[in-house]
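Report on the structure given below.
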Amino acid sequence: MEKDTGPPSAEKRRICWNARDNYLQCIQDHTLPEEQESNCAKLKEEFDNSCPKAWVKHFIRQKAWQDYKKEVYKKRDEEK
């Protein structure tokens, strides 16, 4: 993403969110790391280039947190 001053426009946000959604769907569909690397590399590059770096970091951390919570709830439910 080129350097801009100020927040991204509505169009740039839409492009970023679409790139994010496509990449996250790909890594969800391909659970093995080697599958993710080979199948999702282009989408990851598109995601990185479409969004501000801070947003990319935030979205990846947000996904990791959501995945962690799912696992915790799953384990909790299995213990009941």
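Residues that satisfy the salt bridge (Lys or Arg N to Asp or Glu O under 4.0 Å) test with Glu11, not counting sequence neighbours, are Arg14. Listed by chain and residue number, nothing satisfies the salt bridge (Lys or Arg N to Asp or Glu O under 4.0 Å) test with Arg13 (two or more places apart in sequence, or in another chain).
Between Pro52 and Pro8, the closest side-chain pair of non-hydrogen atoms falls below 4.5 Å. Side chains of Asn22 and Phe47 form no contact here, defined as non-hydrogen atoms less than 4.5 Å apart. Here the side chains of Gln62 and Gln66 are in contact, with some heavy-atom distance below 4.5 Å. In this structure, Trp17 and Phe59 have side chains that are in contact, with non-hydrogen atoms separated by less than 4.5 Å. The closest side-chain heavy-atom distance from Asp67 to Gln28 is not below 4.5 Å.
Think of Tyr68 as one node in a network of Ile, Leu, Val, Met, Phe, Trp and Tyr side chains linked at under 4.5 Å; its network also takes in Trp65, Val72.
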Walk me through whether Gln25 and Asp29 qualify under side chain to side chain donor-acceptor pair (under 3.5 Å). CA-CA 6 Å; Gln25 184 63 50; Asp29 292 344; 2.8 Å; yes
Worked check of side chain to side chain contact (heavy atoms under 4.5 Å, CB included) between Tyr23 and Ile60: CA-CA 10 Å; Tyr23 173 65; Ile60 297 299; 3.9 Å; yes
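Annotation: the span from Leu32 atom CG to Glu37 atom CD amounts to 11.5 Å, rounded to 0.5 Å. Atom CG of Leu24 is separated from atom NZ of Lys44 by 9.5 Å, given to the nearest 0.5 angstrom.
Side-chain N or O atoms of Gln36 include one that pairs as donor or acceptor with a backbone N or O of His30 at under 3.5 Å. Under the 3.5 Å distance criterion, the side-chain polar atoms of Thr31 are left unmatched by any main-chain donor or acceptor of Ile27.
In terms of heavy atoms, Cys26 sits closest to Asn39 at SG-O, 3.7 Å. Residues Cys16 and Ser50 share a closest heavy-atom pair of CB-O, 3.6 Å.
Within 6.0 Å of CZ in Arg61 there are 12 or fewer heavy atoms belonging to other residues, nucleotides or ligands.
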